[in-house]
Amino acid sequence: MAKPPLSMKPTGWFQVAWSDEVGIGEVRAMKYFGEEMVAWRSESGRVTVMNAYCEHLGAHLGFGGEVLGEVIQCPFHGWQWNAEGRNVCIPYQDRPNRGRRMKTYPVVERNESIYIWHDLLGREPFFDPPDVFASFGDGKTATDYHPQQRLYRQALELHPQYVLENGVDFAHFKFVHRTPIVPVFTRHDFTEPVSYVDFTITFEGDENQTIDDVDSGVEAINGGLGIAVTKSWGMVDNRTISAVTPVDESTCDVRFMVYIGRVPGRDDERAAAKAAEFGREVIRQFTQDIHIWSHQRYSDPPALATAEYEGFTAIRNWALQFYPDGKGGSAAELASVDQKGTHV
C-alpha cells in the first residue's frame with residue numbers, strides 16, 4: 001500500500017467505536033493511528049480508551065483483560081489500571097507501581113459514538129466534537145428522528161481530508177451520484193477548528209428552482225478532519241455523521257450514520273419503512289463517494305476550475321492547522337528529515 005502524501009496522524013477527534021459496541025464490563029481491542037488500543041466501560045458506565053499493552057510485562061489487555069468495577073485487570077499477572085492509566089493494584093505486593101502509567105486518550109461519547117482526542121504533541125483538546133443535534137440551530141428540521149442507520153467500512157486506502165473536501169465540491173453530484181442537484185453555497189466559514197458550510201439545493205436546468213419550490217438546504221459542521229455532521233431539509237429531513245479514523249499509515253476506517261426525521265402524525269410501520277428506505281438511499285450515495293475516495297490520489301496543487309477555487313482553497317488552508325508541522329505532515333515525520341530534505 002502506498003503511503004498518502006498527507007500525514008495519517010492529524011490532530012482532532014476521531015471515532016473508534018459505537019457506544020453499543022462497548023457494554024458495561026466489556027473490553028474492546030482496536031488499532032488506530034498505528035497503535036494497539038483498548039476501550040473498556042466501567043461499572044459506572046464510563047468509557048476509557050488506552051494503549052493496549054500492560055506496562056508490567058506487555059500483555060495485551062484486549063485479550064483476556066477484565067473490568068472489575070472502575071478498573072481494568074491485566075490477564076497475565078492481575079495488575080489493575082484505572083481510567084487515568086495509573087496502576088492501582090499489584091495483587092502480590094502491598095502497594096502499586098506509582099511510577100508507571102498507561103497512555104489514555106480523552107474520550108467523548110456523543111450521538112451513540114465514542115470519540116477520542118488524538119494529538120502527537122500531547123496537547124489537550126482545543127475544540128469540541130460536533131453534535132448532530134445540539135450543534136445546529138432550531139427550526140427548519142424535524143424535532144424527532146427514527147433510529148440511527150449505519151455504514152461501516154474498514155481499512156480503506158483513503159485520507160480523512162478527502163472526505164472533508166467533498167463538502168465544498170458542488171460539481172460531483174452530477175457525475176458521482178447521477179443527480180441534477182447543483183448546490184449553491186451560502187456560507188463558507190473556516191475561521192475556527194470547527195468550520196461551517198451551508199448551501200441551498202437547486203436543480204440543473206430548472207432556473208434554480210429549489211426542491212418542491214420550498215425552503216430547502218443543507219448545513220454542515222466539520223469538527224476537525226475526523227467528524228462531519230449535516231442537517232438537511234426541504235425534501236426528507238435527515239441528519240448525518242461521517243467519521244473517518246486513520247488505522248495506520250495507509251488506511252482508514254469509515255463510519256457513516258443517518259437519522260431520518262419523523263413526520264408528526266405518521267409514526268406507524270409504513271412511515272418507519274419509508275424512513276428506512278430513504279436512509280438506505282443516503283447511505284448508498286455515500287458509498288458512491290467512498291468508491292472514489294478509496295482510489296483517489298491527493299493532487300497538490302490541484303487543477304481547479306474557477307468556480308472551485310474559493311471553496312477548495314479555503315478548506316485546504318483550514319486543514320493545515322490539524323497537522324503538527326502546519327504543512328500536512330507530522331511532527332514525528334518532520335523530525336526524521338534532515339536539512340537537506342532527505343530522511344535520516
Side-chain angles (χ1 to χ4, degrees), residues 1-18 21 28-39 49-53 62 103-108 110 113-123 125-127 129-130 150-167 193-195 222-229 241-257 286 289-300 315-316 318-336:
M1 295 182 182
K3 179 182 175 182
L6 293 169
S7 169
M8 294 293 273
K9 294 184 179 180
T11 294
W13 292 100
F14 297 88
Q15 186 176 357
V16 295
W18 279 291
E21 293 179 316
R28 180 179 178 85
M30 58 184 65
K31 180 181 179 180
Y32 288 108
F33 302 101
E35 300 286 344
E36 295 288 336
M37 303 177 185
V38 292
V49 177
M50 58 172 47
N51 280 5
Y53 297 109
K103 181 179 179 180
T104 61
Y105 297 83
V107 172
V108 167
R110 185 163 293 167
S113 303
I114 298 172
Y115 301 125
I116 66 167
W117 173 260
H118 175 267
D119 182 61
L120 283 177
L121 303 180
R123 294 171 293 180
F126 51 84
F127 65 93
R150 299 173 176 174
L151 170 73
Y152 181 32
R153 298 285 297 276
Q154 294 178 272
L156 298 179
E157 290 189 63
L158 54 80
H159 190 281
Q161 190 170 320
Y162 299 172
V163 181
L164 267 292
E165 290 185 2
N166 210 55
V194 176
S195 64
N222 304 315
L225 299 180
I227 309 166
V229 299
I241 310 168
S242 56
V244 185
T245 307
V247 174
D248 51 34
E249 289 299 317
S250 302
T251 66
C252 285
D253 284 355
V254 177
R255 294 174 175 87
F256 184 65
M257 294 135 274
F286 190 76
D289 291 318
I290 289 176
H291 180 71
I292 300 294
W293 299 326
S294 60
H295 297 87
Q296 184 176 353
R297 183 190 68 180
Y298 187 71
S299 180
D300 187 26
I315 200 166
R316 288 198 172 188
W318 169 81
L320 293 178
Q321 67 187 292
F322 303 109
Y323 302 102
D325 69 351
K327 300 178 181 178
S330 70
E333 292 166 339
L334 194 63
S336 69

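Starting from 1, each residue takes its place in the sequence as its number. These numbers come from the heavy atoms of this one structure, side chains and all, not from hydrogens, waters or symmetry mates.
- Put simply, the side chain of Asp253 gets close to the backbone of Ala155: a donor and an acceptor are under 3.5 Å apart.
- Using modelled atom types, one side-chain atom of Trp13 and one backbone atom of Phe127 make a donor-acceptor pair closer than 3.5 Å.
- Closest approach of Met8 and Thr251 over heavy atoms only: CE-O, 3.4 Å.
- Side chain of Asn222 to main chain of Leu225: no donor-acceptor pair is present (N/O by atom type, distance under 3.5 Å, no hydrogens or angles).
- The aromatic rings of Phe322 and Trp318 sit perpendicular, their planes meeting at an angle over 60°, well past the 30° parallel limit.
- The CD atom of Gln161 lies 12.5 Å from the CG atom of Asn166; values are rounded to the nearest 0.5 Å.
- By the 6.0 Å contact criterion, CZ on Arg153 is open, its count of non-hydrogen atoms from other residues, nucleotides or ligands being 12 or less.
- Ring orientation note: the planes of His159 and Tyr323 are tilted relative to one another, at an angle of 30° to 60°.
- Arg297 is linked by a side chain to side chain contact (heavy atoms under 4.5 Å, CB included) to nothing, counting only residues two or more places apart in sequence or in another chain.
- The shortest non-hydrogen separation linking Pro246 to Val244 is CD-O, 4.0 Å.
- Considering CE of Met37 and CE of Met30, their distance stands at 8.0 Å, rounded to 0.5 Å.
- Atom-to-atom distance recorded for Tyr115:OH and Arg110:CZ is 8.0 Å, nearest 0.5 angstrom.
- Taking Arg255 as the reference, nothing meets the salt bridge (Lys or Arg N to Asp or Glu O under 4.0 Å) condition, with sequence neighbours excluded.
- Considering every non-hydrogen atom in both Pro160 and Cys252, the closest pair reads CD-SG, 3.6 Å.
- Closest of all the heavy-atom pairs between Arg316 and Ser299 is NH1-O, 2.7 Å.
- Defined by atom type and a distance below 3.5 Å, a donor-acceptor pair is missing between the side-chain atoms of Tyr105 and Glu35.
- Once rounded to the nearest 0.5 Å, the distance linking CZ of Phe256 with CZ of Phe286 reads 5.5 Å.
- Note on ring orientation: taking the six-membered ring where Trp is involved, the planes of His118 and Phe14 are perpendicular (angle over 60°, cut-offs 30° and 60°).
- By the 30° and 60° cut-offs, the orientation of the rings of Phe126 relative to Trp117 is perpendicular.
- Closest of all the heavy-atom pairs between Val194 and Gly223 is CG2-CA, 4.4 Å.
- Proximity of a side-chain donor or acceptor of Thr245 to a complementary backbone N or O of Gln15 within less than 3.5 Å is detected.
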I'd like to know whether Val254 forms a side-chain contact (heavy atoms from CB on, under 4.5 Å) with Val163, so could you lay out the CA-CA distance, the side-chain angles of the two residues, the decisive distance to 0.1 Å, and finally the verdict. CA-CA 10 Å; Val254 177; Val163 181; 5.6 Å; no
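- Closest approach of Leu151 to Trp18, counting heavy atoms only: O-CH2, 3.8 Å.
- Here CG of Asp289 is found 10.5 Å from OG of Ser294. Values are rounded to the nearest 0.5 Å.
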Could you walk me through whether Gln296 and Glu157 pass the side-chain contact (heavy atoms from CB on, under 4.5 Å) check? CA-CA 9 Å; Gln296 184 176 353; Glu157 290 189 63; over 6 Å; no
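- By the 4.5 Å heavy-atom criterion applied to side chains, Glu165 and Tyr298 are counted as neighbours.
- A donor-acceptor pair under 3.5 Å is formed between the side chain of Asp119 and the backbone N or O of Leu121.
- To the nearest 0.5 Å, atoms CD1 (Ile116) and OG1 (Thr104) are separated by 10.5 Å.
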